[in-house]
There are 2 protein chains.
Amino acid sequence: MFGKDLLVRMLDRRDTLPRDEIALIEALPVRPVTFGPDEEIVREGSRPAESCLIANGFAVRNQTIREGRRQITAIHVPGDFVDLHSLLLKVMDHSVSALGSCDVVFIRHKDLLTAMGGSPHLTRMLWLSTTIDTSIQRTWITCLGRRSAEQHLAHVICELYVRLEIVGLASDQTFAIPLTQAELGDVLGLSIVHVNRTLQELRAKDLVSWKDRRIVILDFQRLALLADFDATYLNLFHEPR
Amino acid sequence: MFGKDLLVRMLDRRDTLPRDEIALIEALPVRPVTFGPDEEIVREGSRPAESCLIANGFAVRNQTIREGRRQITAIHVPGDFVDLHSLLLKVMDHSVSALGSCDVVFIRHKDLLTAMGGSPHLTRMLWLSTTIDTSIQRTWITCLGRRSAEQHLAHVICELYVRLEIVGLASDQTFAIPLTQAELGDVLGLSIVHVNRTLQELRAKDLVSWKDRRIVILDFQRLALLADFDATYLNLFHEPR
DNA sequence: CTCGTCCATTAAACAATGTGAATGAGCCCT
DNA sequence: AGGGCTCATTCACATTGTTTAATGGACGAG
């Protein structure tokens with residue numbers, strides 16, 4: 001529990017985790033904390049001695065720039081080891097904050113190092129989880145740079161659906177996520193007004209419905225085609241790593 | 001040599017590499033290959049059994065989208081372990097190609113695993129190198145999403161200068177890089193025409209000169225201020241990792 | 001030398017996106 | 001019921017960026 005089961009599920013989707021490695025993860029001491037909407041989980045500029053794993057709810061990473069504007073560089077779902085990289089980066093160059101109410105568990109770097117010390121494969125699996133994050137970010141770069149606002153939004157919706165499905169939080173073409181249009185703008189790099197316009201376009205084409213924090217994908221196939229969505233980057237292959 | 005000295009230099013800038021770990025790196029068998037301009041080093045969709053390190057020259061990662069358009073998601077300089085992540089990702093979701101003439105060395109995954117097997121710290125240092133890539137990508141996302149074309153271009157120039165300085169390829173506010181305006185457009189997510197306009201703006205402000213594949217930064221301080229450039233994300237801190 | 005090619009540059013029309021302001025729906029608080 | 005909030009929506013207009021096309025310089029091949 002405490003989200004560690006979801007982490008195992010997320011990793012096990014990519015390569016079988018042997019019993020002893022699962023045991024190492026389950027044995028990690030955790031410090032559970034619940035954050036309210038918009039509360040800061042990890043502060044920019046801080047030097048964390050622990051990493052946090054999402055047990056329930058959502059979190060975003062954001063970089064702030066001058067004049068209070070910000071860009072969300074990642075959306076994290078339950079099972080994501082949000083700032084595992086702080087283990088290596090030491091100083092946070094961005095912050096992590098809760099999207100809606102969010103339960104996380106903190107795990108000390110010290111304990112992580114101990115657990116990984118005896119298991120090169122477990123180390124690689126955790127490394128893999130950061131690598132998948134990177135892969136997602138590459139795709140976001142492409143969406144930001146070379147796709148239209150409409151394609152980009154469609155792409156984000158497809159991605160969230162697939163990622164949430166892995167941890168059992170999406171099915172039947174629908175999922176819940178507490179994302180306002182303003183926050184969506186910070187994800188897409190668009191103004192609120194344009195997010196709204198873009199959302200209308202997808203609605204007009206009967207591709208999605210987005211209401212009361214719940215998204216329904218009316219035609220995944222057409223949505224994915226419009227977005228040019230190809231799930232390869234999510235690394236859903238189960239194989240030796 | 002073969003670029004491994006640069007890799008060591010790049011890592012050693014972040015945490016002292018003990019002699020035995022340097023020896024492990026130096027002992028890695030390499031397969032050197034030289035690529036011509038625009039040649040593909042790693043192909044999208046392939047399943048590499050080796051990772052490549054840049055010894056000399058530059059390489060870019062790019063994702064292609066419909067109609068031959070593309071987005072460059074990273075620029076790699078000598079010393080960069082370009083597709084170290086293929087060790088874990090297995091299937092490439094993007095390609096890597098040479099920018100100008102580029103010498104790389106390929107290192108078998110098998111040999112990397114062996115070298116890392118006995119050294120958790122070396123493993124972390126290599127992991128760190130992929131994590132720095134991620135950090136750079138996060139910053140690119142922010143540039144794409146929330147900064148003006150002018151700021152974005154200025155930011156890229158500042159970043160390249162700092163990164164090249166580490167490996168001794170930039171000094172006195174100048175460095176050479178074989179990047180055409182079309183390619184720059186694929187980095188910034190802009191049209192060629194707009195890249196040109198944006199470059200003119202920086203020239204008009206006497207911030208940079210960009211001619212014959214050589215960039216001269218006329219006023220780093222003002223350029224960094226304009227770009228809102230903060231080098232924290234490049235992790236230039238030397239400390240235990 | 002001359003042709004062809006690559007690259008940088010410019011112009012003008014057009015499309016995409018941002019800004020600022022106003023409105024209304026829903027909801028919590030009292 | 002009323003007030004004050006957040007959020008979604010819409011409008012008019014400003015700004016930024018794209019597209020297409022044309023031009024000229026540099027350079028290598030023949």
Side-chain angles (χ1 to χ4, degrees), chain A residues 36-39 65-72 97-101 143-156 176-205 208-216 226, chain B residues 36-39 65-71 98-101 142-156 176-204 208-216 226:
Chain A
D38 271 332
E39 274 183 19
I65 53 175
R66 288 189 289 230
E67 303 127 33
R69 292 159 58 91
R70 71 164 181 175
Q71 172 71 38
I72 290 177
S97 48
L99 201 60
S101 172
C143 284
L144 279 160
R146 290 297 189 208
R147 289 197 233 266
S148 66
E150 190 188 26
Q151 285 186 301
H152 191 175
L153 176 54
H155 204 283
V156 166
I177 187 170
L179 203 54
T180 66
Q181 292 189 10
E183 286 159 337
L184 194 51
D186 289 332
V187 169
L188 303 174
L190 299 175
S191 65
I192 298 181
V193 172
H194 201 59
V195 166
N196 189 274
R197 273 197 286 248
T198 308
L199 205 40
Q200 309 282 359
E201 290 179 54
L202 292 187
R203 285 189 186 125
K205 292 182 180 171
V208 299
S209 131
W210 186 318
K211 203 166 182 329
D212 294 332
R213 311 288 142 92
R214 172 163 287 279
I215 298 174
V216 183
L226 168 69
Chain B
D38 271 332
E39 275 182 19
I65 54 176
R66 289 190 288 230
E67 303 127 33
R69 291 158 59 91
R70 71 165 179 172
Q71 171 71 38
L99 201 60
S101 172
T142 303
C143 283
L144 280 160
R146 292 295 188 209
R147 290 198 232 266
S148 67
E150 189 188 27
Q151 284 186 301
H152 191 175
L153 175 54
H155 204 282
V156 166
I177 187 170
L179 203 54
T180 66
Q181 292 189 10
E183 286 159 337
L184 194 52
D186 289 331
V187 169
L188 303 174
L190 298 175
S191 65
I192 298 180
V193 173
H194 201 59
V195 166
N196 189 276
R197 268 200 289 255
T198 308
L199 206 39
Q200 310 282 359
E201 290 179 53
L202 292 186
R203 285 190 186 122
V208 300
S209 129
W210 185 316
K211 204 165 181 331
D212 295 331
R213 311 288 142 93
R214 173 162 288 278
I215 298 174
V216 182
L226 169 69

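In what follows, chains are A, B, ... by sequence order, proteins preceding strands, each numbered from 1.
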- Query: Counting any heavy atom closer than 4.0 Å, what does Gly185(B) reach on the DNA or RNA strands: base, sugar-phosphate only, or nothing?
  - Reply: nothing
- Task: Between dA21(D), dT17(C), dA8(C), spot the one nearest the side chain of Ala149(A), thanks.
- Result: dT17(C)
- Note on the structure: Assert: residue with more 5' nearest nucleotide on DNA chain C, out of Asp212(A) and Ala182(B), is Ala182(B)
- Task: Round to the nearest Å and state the distance from Glu183(B) atom CD to dC6(C) atom C1'.
- Result: 12 Å
- Heavy atoms under 4.0 Å, any strand shown: does Leu199(B) hit a base, just sugar-phosphate, or nothing? nothing
- Query: Could a donor-acceptor pair under 3.5 angstrom be found where the side chain of Arg197(B) meets the base of dT16(D)?
  - Reply: no
- Message: Just the rounded figure in Å: distance from P of dC7(C) to CD1 of Ile177(B).
- Response: 15 Å
- Phosphate-side-chain proximity, Asn196(B) and dA8(C), N/O vs OP1/OP2 below 4.0 Å: no
- Query: So, does Arg213(A) use its side chain to make a donor-acceptor pair with the main chain of Ile177(A) at under 3.5 Å?
  - Reply: no
- Have a look at Arg146(B) and say if it touches a base, only the backbone sugar-phosphate, or nothing, with a 4.0 Å heavy-atom cut-off. nothing
- Message: In this structure, how many angstroms lie between the C1' atom of dG17(D) and the CG atom of Leu153(B), rounded?
- Response: 15 Å
- Task: Specify the separation, in whole Å, of atom CG of Leu144(B) and atom C1' of dT16(D).
- Result: 15 Å
- Among dG17(D), dT9(C), dT9(D), find the nucleotide with the atom closest to the side chain of Gln181(A). dT9(D)
- Side-chain donor or acceptor of Gln71(A) paired with backbone N/O of Val187(A) under 3.5 Å: yes
- Task: State whether the side chain of Arg147(B) and the backbone N or O of Ile65(A) hold a donor-acceptor pair below 3.5 Å, judged by distance alone.
- Result: no
- Task: Select one nucleotide: of dT19(D), dA8(C), dT17(C), the one nearest the side-chain heavy atoms of Arg69(B).
- Result: dT19(D)
- Nearest whole angstrom, please: distance from the P of dA25(C) to the NZ of Lys211(A). 13 Å
- Pick base, sugar-phosphate or nothing for Thr180(A), based on heavy-atom distances below 4.0 Å to the nucleic acid. sugar-phosphate
- Do Gln151(A) and Arg66(B) come within less than 4.5 Å of each other through their side chains, counting heavy atoms only? yes
- Query: Rounding to a whole Å, what distance do you find between Leu188(A):CG and dT17(C):P?
  - Reply: 11 Å
- Message: Please report the distance, rounded to the nearest Å, between CG in Asp38(B) and P in dC7(C).
- Response: 8 Å
- Salt-bridge test for Asp186(A) and Arg69(A): reply yes if a basic N is under 4.0 Å from a carboxylate O, no otherwise. no
- Which whole-number value in Å describes the distance from Glu201(B) CD to dT9(C) P? 13 Å
- Return no unless some side-chain N or O of Gln200(A) is found under 4.0 Å from OP1 or OP2 of dT10(D). yes
- Query: More 5' along DNA chain D: Arg213(A) or Gly145(A), using each one's nearest nucleotide?
  - Reply: Arg213(A)
- Would you mind classifying the nucleic acid contact of Arg203(A) as base, sugar-phosphate or nothing, using non-hydrogen atoms under 4.0 angstrom? sugar-phosphate
- Message: From C-beta outward on Val193(B), which listed nucleotide comes closest to its side chain: dT17(C), dT19(C), dT10(C)?
- Response: dT10(C)
- Task: For residues Cys143(A) and His152(A), report the shortest heavy-atom separation together with the two atoms involved.
- Result: CB-CD2, 3.4 Å
